[in-house]
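Read the structure below first, then the notes.
What's counted below: heavy atoms across the whole structure, side chains too, no hydrogens, waters or symmetry copies. Chain letters run A, B, ... following the sequence lines, proteins first, then strands; residues in each count from 1.
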2 protein chains.
Amino acid sequence: MVSDRREQILEAALEVMAAHGFRGTSIDAVAERAGLTRQGVLHYFPSKKRLLLEILSFREELARANLAGRRVGEDWAGDFAETVAFEQSRPSLATVYSVVLAEAVTGQEPAAGFVRQRCRSMQDHLVESLIERYGERVPSGLSAPTAAAAVLALIEGVHQLWLVDPEAERYPQIVREAMAVLLGTGTTATEGQSPATKG
Amino acid sequence: MVSDRREQILEAALEVMAAHGFRGTSIDAVAERAGLTRQGVLHYFPSKKRLLLEILSFREELARANLAGRRVGEDWAGDFAETVAFEQSRPSLATVYSVVLAEAVTGQEPAAGFVRQRCRSMQDHLVESLIERYGERVPSGLSAPTAAAAVLALIEGVHQLWLVDPEAERYPQIVREAMAVLLGTGTTATEGQSPATKG
DNA sequence: GTCTATAGGAAGATAGAC
DNA sequence: GTCTATCTTCCTATAGAC
């Protein structure tokens, strides 16, 4: 089946791009990892840019599949911590995004539009959800837009930091606790306890 | 004077690398911006890697100069917000760091060691300072290491996010407020007020 | 579908003239 | 110090055989 080969190449490209970035990745490296030649890869993905875009979609698909079944929005801190933990379980997922985000920032890389749009959409969605649940201010006292921006920054920053920090196992827990504090939910004095204490 | 030319090249390289990343930057591009040729640049900086390392030092030097005069540690949220605001006033400063951080992540780039060491040192220093001031837990209830990691993640994330977000003017204020909440200092209910309320 | 061969270009770095 | 010229390496992408 054709899809097998495609997915095999996507997996390989995900790993390599996570390890070396977009510009640092040669099609040869992807091909070698996937067990075929450069030209074989180009048969499935007409260009390197196209390959990257498909990787990003592939990544989103995997992350979404992981959250399927959860009632997203019920437990913000939990959802995010889960996502963080999931991506940590396969670091390439987070790395490829962070790396591409950084490269997207630096000009007209193919993924610039993708990343920009994703950031904005996540922020808008989060603000909307926070307002719907808490009103204009979350329990911590922050305004909804401020809280949303802070939470997203926290997530992005955690992605970055754990990549350079071997002691990364702590990060999902840090996200959980820090989000509980930022939003003002949870009992922060007994940290370690589940922060979702609303009901 | 020799230093003039060097600094001129560093300024040019800072801008170009912020715009295109390390791998995306050619010495030709730096040279053109600095008003000389590739070989002229290589006369002052023997290699591209060496040039990058000197840019990072240059950047730190500028940032430190900006904080000079402040009593660092007196007002954590204020210090960080100031740094964020300063870097925003010259986006290349933040961009080049974020970009290089991302590239450092992806392997053996020249700056990998630099960034790794800087992250760790900042975290250690922050933890130590928090403990010294607040003890094992900050007022918000987070443990000092957790608070430190969350704060650093917040800063890193803000760097990333504002790069893709045109409405970035809000970010210094967001940092100020979110940090006050994370640490548990300041009166978050009247957000916008100075968060440093300790005596 | 997957390969060999090759076109065509870009970049880092060195040698040496002025 | 700054330049021209050159070496060398690496990469994307295409053309065409099997």
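Using a 3.5 Å distance cut-off with no hydrogens or angles, the side chains of B:Arg118 and B:Tyr97 do pair a donor with an acceptor. There is no side-chain donor-acceptor pair under 3.5 Å between B:Ser98 and B:Thr95. No side-chain donor-acceptor contact under 3.5 Å links B:Gln160 and B:Glu156.
In plain terms, the two heavy atoms of B:Ala63 and B:Phe86 that are nearest each other are CA-CE2, 3.6 Å. Nearest heavy atoms, B:Ser140 versus A:Val181: CB-CG1, 4.0 Å.
Each of B:Gln39 and B:Ile9 has a nearest nucleotide on DNA chain D; the 5'-most of these lies closest to B:Ile9. Both A:His43 and A:Arg38 lie near DNA chain C, and the one whose nearest nucleotide falls closer to the 5' end is A:His43.
Put simply, B:Ile131 and B:Tyr134 are part of two different groups of oily side chains (I, L, V, M, F, W, Y) that touch within less than 4.5 Å, one to the next. Cluster membership for B:Val127 and B:Leu154, using ILVMFWY side-chain heavy atoms within less than 4.5 angstrom, is not shared.
Rounded to whole Å, the distance from CG on A:Leu36 to C1' on C:dG1 is 10 Å. Separating the CD atom of A:Glu32 from the C1' atom of C:dC3 is a distance of 16 Å, rounded to the nearest angstrom. Atom CZ in A:Arg5 sits about 12 Å away from atom C1' in C:dC3, given to the nearest Å. We find that CG of B:Asp4 is positioned 11 Å from P of D:dT2, with the value rounded to whole Å. Distance NZ (A:Lys49) to C1' (D:dC11): 14 Å, rounded to an integer number of Å. B:Met17 has its CE atom 13 Å from the C1' atom of C:dA11, to the nearest Å. Summarising the geometry, the separation between NZ on A:Lys48 and P on D:dC10 is reported as 15 Å, rounded to the nearest angstrom. The interatomic distance linking A:Phe45 (CZ) with D:dT12 (C1') rounds to 17 Å, in whole Å.
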Legend entry - Dot-bracket encoding of pairs in DNA chain D, which uses [ ] for pseudoknotted crossings and | for another strand, Watson-Crick or G-U under 3.5 angstrom: ||||||||||||||||||
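B:Thr37 has a side-chain polar atom (N or O) that falls below the 4.0 Å cut-off from OP1 or OP2 of D:dC3.
As judged by a 4.0 angstrom heavy-atom cut-off over every strand, A:Leu42 is placed among the base-contacting residues.
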